[in-house]
Participant: 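Quick one: the structure is below, and I'll ask about it shortly.
This chain uses plain numbering: 1 for the first residue, then up along the sequence. All values reported here derive from a predicted model rather than from experimental measurement.
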Amino acid sequence: MPQHTFILNGQKVTVDAPDGLRLLWVLRDILGLTGPKYGCGLDVCKACTCHINGKAFNPCSVPISDIKPADEITTIEGLADRKTGALHPMQQAWLDFDVAQCGYCQPGQIMAAIAKVKQARAAGHEPGDADFDEIRNICRCGTYFRIREAIKSAAKQM
């Protein structure tokens, strides 16, 4: 079986997995990280959103063979401060604004929100409604207003 090496939440990992296996299943079934959720498996719902090299992506649509040794994958499990355990400001804002109802989509929502704040700032502006409209993660509970308020709050701390 082929071996694949990459950086996961700051640590180099090597896994034995078939080349065609989607990264989501490597993360969940082989490495035991259940933060990225399986929703649709078609890159539509975005419940599995993680970061690759600092940008949002959906591991349900990426075969492990596309991941290179220098690629840095960050999941929701990798956001908290490794030394203190303090939550990332976006995670804390989710709690402060009581965003989650069922909570299933929330790891993907948080990862997408962090990437969107970084993208807006890289473009030279603070994130606003036009940026939030580009976030395509689906929340079946409909907490979109609270999601936006949490993002605005967390952006001030990031």
Participant: When you compare the side chain of F132 with that of I147, does any pair of heavy atoms fall below 4.5 Å?
Facilitator: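 Contact flag for I147/F132 side chains = no.
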Participant: So, for C102 and C141, which heavy atoms are closest and what is the spacing to 0.1 Å?
Facilitator: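 Closest approach of C102 to C141, heavy atoms only: N-SG, 3.5 Å.
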Participant: Contact between C50 and F57 at the side-chain level, heavy atoms closer than 4.5 Å - yes or no?
Facilitator: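 In contact.
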Participant: So, taking the atom named CD in E77 and the one named CG in L27, what distance separates them when rounded to the nearest 0.5 Å?
Facilitator: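 One finds 8.5 Å between CD of E77 and CG of L27.
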Participant: Mind running side-chain contact (heavy atoms from CB on, under 4.5 Å) on H125 and D131 for me, showing each step along the way?
Facilitator: CA-CA 10 Å; H125 66 276; D131 299 295; 3.1 Å; yes
Participant: In the single-linkage hydrophobic clustering (I, L, V, M, F, W, Y; side-chain heavy atoms under 4.5 Å), do W25 and V44 co-cluster?
Facilitator: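 No.
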Participant: If the threshold is 4.0 Å, N to carboxylate O, is there a salt bridge linking K152 and E149?
Facilitator: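 A salt bridge links K152 with E149.
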Participant: Would you say the side chain of L79 lies within less than 4.5 Å of the side chain of I76, judging by non-hydrogen atoms?
Facilitator: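 Yes, close enough: below the 4.5 Å cut-off.
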Participant: If you look at every heavy atom in A80 and G85, which pair is closest and at what distance?
Facilitator: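 Looking at all heavy atoms of both residues, the shortest contact is CB-O, 4.1 Å.
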Participant: First locate atom NE2 of H4, then atom CD1 of I67, and finally report the distance between them rounded to the nearest 0.5 Å.
Facilitator: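 Taking NE2 in H4 and CD1 in I67, the distance rounds to 10.0 Å.
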Participant: What are the two closest heavy atoms between A100 and G103, and how far apart are they?
Facilitator: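 It is CB-CA, 4.0 Å.
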Participant: Any side-chain heavy atom of L95 within less than 4.5 Å of one from L87?
Facilitator: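 L95 reaches L87 side chain to side chain.
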Participant: Could you report the tightest heavy-atom contact between I114 and M158, atom names first, then the distance?
Facilitator: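 Scanning both residues completely, I find the closest heavy atoms to be CG2-CE, 3.9 Å.
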Participant: Looking at side-chain heavy atoms only, is the closest gap between I151 and K116 below 4.5 Å?
Facilitator: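 Not in contact.
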Participant: Just checking, is any N or O donor in the side chain of T84 or D81 under 3.5 Å from an acceptor N or O on the other one?
Facilitator: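 Result is yes, a qualifying pair exists.
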Participant: State, to 0.1 Å, how close C48 and P36 come at their nearest heavy-atom pair, and which atoms those are.
Facilitator: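 Heavy atoms only, the tightest pair is O-CB, 3.7 Å.
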Participant: Are T49 and N137 close enough that a side-chain donor and a side-chain acceptor fall under 3.5 Å?
Facilitator: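 Their side chains do contain a donor-acceptor pair, which is all the 3.5 Å distance test asks for.
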Participant: How many angstroms lie between atom CG of L8 and atom OG1 of T75, to the nearest 0.5 angstrom?
Facilitator: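 One finds 5.5 Å between CG of L8 and OG1 of T75.
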Participant: Do the non-hydrogen side-chain atoms of I52 and L23 ever get within less than 4.5 Å of each other?
Facilitator: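 Answer no - side chains too far apart.
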Participant: Working to the nearest 0.5 angstrom, can you tell me the gap between L24 CG and K37 NZ?
Facilitator: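 The CG atom of L24 sits 10.5 Å away from the NZ atom of K37.
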Participant: Identify whether I73 and Y38 are in the same connected component of the hydrophobic contact network (ILVMFWY, side-chain heavy atoms under 4.5 Å).
Facilitator: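 In one cluster: yes.
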Participant: Verify the cluster assignment for V15 and I7: are they in a single hydrophobic cluster under the rule of side-chain heavy atoms below 4.5 Å apart?
Facilitator: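 Different clusters: V15 never reaches I7 through Ile, Leu, Val, Met, Phe, Trp or Tyr contacts under 4.5 Å.
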Participant: Measure the shortest side-chain to side-chain distance between Q106 and V99 over non-hydrogen atoms and say whether it is less than 4.5 angstrom.
Facilitator: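 Q106 reaches V99 side chain to side chain.
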Participant: Is any side-chain heavy atom of E126 closer than 4.5 Å to a side-chain heavy atom of K156?
Facilitator: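 Of all side-chain heavy-atom pairs linking K156 with E126, none is under 4.5 Å.
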Participant: Please determine if D29 and R22 form a salt bridge, counting it only when a charged side-chain N lies under 4.0 Å from a carboxylate O.
Facilitator: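 Salt bridge flag = no for R22 with D29.
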Participant: Are side-chain N/O atoms of N53 and E72 paired as donor and acceptor at under 3.5 Å?
Facilitator: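 There is no such pair between these side chains.
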Participant: I need the D66 CG to D19 CG distance, nearest 0.5 Å.
Facilitator: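 Those atoms lie 9.5 Å apart.
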Participant: Assess whether atom CZ of R121 is packed by more than 12 heavy atoms of other residues, nucleotides or ligands within 6.0 Å.
Facilitator: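 Enclosed.
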Participant: Run the side-chain contact (heavy atoms from CB on, under 4.5 Å) test on D133 and R148 for me, step by step, so that the C-alpha distance in whole Å, both residues' side-chain angles and the decisive distance to 0.1 Å come before the verdict.
Facilitator: CA-CA 10 Å; D133 288 345; R148 286 177 182 238; 2.3 Å; yes
Participant: Under 4.5 Å between side-chain heavy atoms, hopping through other hydrophobics if needed: is there a path connecting F97 to Y104?
Facilitator: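 No: no chain of side-chain contacts under 4.5 Å links F97 to Y104.
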Participant: Rounded to the nearest 0.5 Å, what's the gap from NZ on K46 to SG on C139? Could you check?
Facilitator: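 Taking NZ in K46 and SG in C139, the distance rounds to 15.5 Å.
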Participant: Indicate the atoms forming the closest heavy-atom contact of T74 with M111, along with that distance.
Facilitator: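 Of all heavy-atom pairs spanning T74 and M111, the closest is O-CE, 3.3 Å.
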Participant: Flag yes if M90 and L33 sit in one hydrophobic cluster, no otherwise; membership is Ile, Leu, Val, Met, Phe, Trp, Tyr, and two members link when side-chain heavy atoms are under 4.5 Å apart.
Facilitator: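 Cluster IDs for M90 and L33 differ.
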